[in-house]
Amino acid sequence: MNIFEQFLDKIKETLLDLSKKGDLILPDTLNGITAEMPPSKFDSDISTNVAMVLSKINKKTPIDLANTLSEKIKKKDKLIEEISVVKPGFINIKFKKIFWTNFIKEITQKSKSFGINTKENKKNFLIEFVSANPTGPLHVGHCRGAILGDVIANVLLFNKHKVTKEYYVNDYGNQIINFTKSVYFRIREISFKEPFPNDNEDLYPGDYLIDFANNIINYNKDLDFKNFEKISEKLTVLAIEEALKLIKKNLMSLGINHDNFISEKKLVKNQEVEKVINFLQKNNFVYKGKIKAPAGEDDDNWVEREQLLFKSTDFGDDKDRALQKSDGAWTYFASDVAYHKNKLDRKFDKLINILGADHAGYIKRISSSVEALSNSKDKLVCKVSQLVKLIKDKKPFKMSKRKGDYITVDDLINEVGKDATRFIMLNRSSDVELDFDFDNVIEKSKDNPLYYVQYCYARIASVFRHIEKDLKSEIKIDKYDFEYSQDEINILKKISEWPKCIDASSNKLEPHRIPTYLYELASLFHSYWNLGKDNPDKRFINDQKKITNDKLILLKAISNVIKSGMDIVGVSVPEKM
RNA sequence: GCGCUUGUAGCUCAACUGGAUAGAGCGCCUGACUUCGGAUCAGGAGGUUCUGGGUUCGACUCCUAGCAGGCGCACCA
């Protein structure tokens, strides 16, 4: 039930009628024509720009055209109370009050599907997100992308698309070797009292490795930890298992669960890298060559070497990219290409990658490879989540992995909680750096938009408690024989924008619109609530502890939207706070 | 040096794929609790949307040239 879409369809019908009669010239596409909510200062409900879009081709001024069109539009729709033309050529429509009564009837009868776009074709998405290296716990830096990915998945699912959530496990390469060594030294530290080599820059110093080591020792009594060479392979597996266990625990505490974990090592073992490179070679996207040092960089340390390269420059990248290291091992990029081939083979309509800002430079090359493999430019969408600037004691807090001086997801959940973390991290567009003020978020105050929205729901729940009704169950009303006041219509107008919010969040992969929307809706509700202070007629419950149907159903509609929005964001809506 | 990205009120940010007189919160000023929950509300002050050009009926949004911040720039994933 998208009233803007419905209205737009009616307008387009009118336009087609007129053009058939020869009274109007239409361009090839009607895409530029929109129906929107007019700014609040206008006393009208819906507005369209048709006249301005069509004025030129019809050689009329927008105002003139708007005047003739508005007459035709009004004739077609009995629910229009008033139609007006406003400079520079907008047509503004005000509906009769009965329109809004019909509207709320419709959305409460189909409350489960309200907001869903029923017109578009449903797709099958694969979304890859987090994919942090399996070498330690998740920290704040991973958090934003994790939540972004999860909520994008939720929005798409809400909109009835198919979604597979995937985590790519980078369990291959040098860092895994170093990681395994680090665990090994911790084991020696525990079992043989040998000090951990703190001066070795390649090793991972974090304390959590002690836990890993202890677990591995306890569960593998049969292993001989004296000789690294002998057990290194087994130890690698065990160490990665430990890390993944921890990561999954962190994700769970954020309310995130992936459908698949795909192992890089397995892809390499199954020769998928060779296969994809053969494929690229056949199609002339691979050659042996040298990469030049970037301009402006010190090329003193630059060693030119001949390597297997992927021609990403064919697709607009600034240099070709190495597939093979000098020791013959595949680069990270090579196995990632194989991974993306693997994704493509699974026949998704669309691939989404969520990346951190520090990996943004990587997008060009991976999208180049997907283009080469699929012959399609828009198969893959990469979404970057910008940095989170932590602020503690009013000062920026710098994390340092080496010093072990960083905030983990565990810290965050313990201090801030899942709900606030999710809501705040999502509240801003992912393109913008986010200030995460620790002290502010912890404080349960009005500064925190999460509580503002939750409070709205709790207030409605409180009304339902007073009248001894269950907020969660459906409400049946026999007769919709009432009309809403302007205050109430304003809320209904906001509710009518919910499908638009879902559409935009889902199409543009910008879920931050949802918290913003929920805040606005909550704000209208709180205003409405406070009207009851001065005017007892505006209270929901009268002296006899009764509520009228119009108010009952309005509260239900508001709470429904708040609830589905908060479900998508992945935070709770308590009935008492 | 190159690429990506951001620049909107004192601060943190919105602005519905180009719409109308650019909106919120915080902070500042003034007010509202014998009351369905004050974690709330009403009102006030606060703007050359970084700058210069361009596209058009119309630009915070698109193009272009700059300026400023962030991120990245070979066998580390």
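All chains are named by letter (A, B, ...) in the order of the sequence lines, taking the proteins before the strands, and each is independently numbered beginning at 1. Side chains are part of it too, since the values below use all heavy atoms of this structure and drop only hydrogens, waters and symmetry mates.
- B/G1 sits 30 Å from B/U61 when the C1' atoms are compared, rounded to a whole Å.
- A close approach under 4.0 Å does occur between a side-chain nitrogen or oxygen of A/Arg459 and OP1 or OP2 of B/G38.
- When each of A/Asn530 and A/Glu304 is assigned the nucleotide of RNA chain B with its nearest heavy atom, A/Asn530 is the one assigned upstream, toward the 5' end.
- Only the P atoms considered, B/C26 is 11 Å distant from B/A42, to the nearest whole Å.
- Within the nucleic acid shown, A/Ile176 has no heavy atom closer than 4.0 Å to any nucleic acid atom.
- The phosphate of B/G25 (OP1 or OP2) has no side-chain N or O of A/His526 nearer than 4.0 angstrom.
- In this structure, A/Arg321 reaches neither bases nor backbone, as no heavy-atom distance under 4.0 Å exists between it and the strands shown.
- The shortest distance between the side-chain N/O atoms of A/Tyr452 and the OP1/OP2 oxygens of B/C41 is below 4.0 Å.
- In terms of heavy atoms, A/Phe4 sits closest to A/Ser496 at CE1-O, 3.6 Å.
- Rounded to whole Å, the separation between the P atoms of B/U8 and B/A15 comes to 14 Å.
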Note to self: Does A/Glu166 form a side chain to side chain donor-acceptor pair (under 3.5 Å) with A/Tyr339? I'd like the steps, not just the answer.
What the structure shows: CA-CA 11 Å; A/Glu166 207 155 273; A/Tyr339 174 42; 2.7 Å; yes

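- In this structure, A/Trp529 reaches the B/G38 phosphate: one of its side-chain N or O atoms is under 4.0 Å from OP1 or OP2.
- The base of B/G19 sits with one of its N or O atoms less than 3.5 Å from a complementary donor or acceptor on the side chain of A/Asn49.
- Checked by distance alone, A/Thr516 brings no side-chain donor or acceptor within 3.5 Å of a matching partner on the base of B/A24.
- Contact annotation: A/His359 does not reach the phosphate of B/C76 (side-chain N/O to OP1 or OP2, under 4.0 Å).
- The aromatic ring of A/Tyr519 does not sit over the base of B/A24, since the test of centres under 5.5 Å and planes under 30° is not met.
- Expressed to the nearest 0.5 Å, how far CG of A/Leu30 lies from OG1 of A/Thr34 amounts to 12.0 Å.
- Judged by atom type and distance alone, A/Lys533 reaches the base of B/A32 through a side-chain donor-acceptor pair under 3.5 Å.
- Distance CD1 (A/Ile363) to P (B/G3): 16 Å, rounded to an integer number of Å.
- OP1 or OP2 of B/A39 has at least one side-chain nitrogen or oxygen of A/Tyr455 nearer than 4.0 Å.
- Distance check on atom P: B/A14 versus B/G7 gives 8 Å, rounded to whole Å.
- Ion pairing between A/Lys343 and A/Glu128 holds under the 4.0 Å rule for side-chain N and carboxylate O.
- Note on A/Ser47: every side-chain N or O is 4.0 Å or more away from OP1 and OP2 of B/A20.
- Comparing B/A22 with B/G47, their P atoms are spaced 12 Å from each other, to the whole Å.
- Across all strands shown, A/Gln386 has heavy atoms under 4.0 Å from sugar-phosphate atoms exclusively, and none from any base.
- Nearest to the side chain of A/Lys500, among B/G70, B/A20, B/C16, sits B/C16.
- From A/Leu244, atom CG reaches atom CZ of A/Phe261 across 6.5 Å, with rounding to the nearest 0.5 Å.
- Within 3.5 Å, no donor on the side chain of A/Asp320 pairs with an acceptor on the base of B/A74, nor the reverse.
- Residue-to-nucleotide proximity on RNA chain B shows that, of A/Phe42 and A/Ile291, the 5′-proximal contact is made by A/Phe42.
- Taking 4.0 angstrom as the limit, A/Lys389 places none of its side-chain polar atoms (N or O) nearer than this to OP1 or OP2 of B/C71.
- Counting any heavy atom pair closer than 4.0 Å across all strands shown, A/Pro39 reaches a base atom.
- Between B/G31 and B/G38, the distance separating the two C1' atoms is 14 Å to the nearest Å.
- In this entry B/C71 has B/G3 as its Watson-Crick or G-U wobble partner, both defining distances falling under 3.5 Å.
- Taking atom P in both B/U56 and B/C73, the straight-line distance is 42 Å, to the nearest Å.
- For the OP1/OP2 pair of B/G3 and a distance below 4.0 Å, the side-chain nitrogens and oxygens of A/Lys319 include no atom meeting the criterion.
- Contacts of A/Pro536 with the nucleic acid, taken as non-hydrogen atoms under 4.0 Å apart, are absent.
- Ring-centre distance between A/Tyr519 and A/Tyr452: below the 6.0 Å cut-off.
- B/A77 and B/G72 have their C1' atoms separated by 14 Å, with the value rounded to a whole Å.
- Residue A/Lys364 is out of contact with every strand shown, counting any heavy-atom pair closer than 4.0 Å.
- If you take NZ on A/Lys383 and CG on A/Asn353, they are separated by 12.5 Å, rounding to the nearest 0.5 Å.
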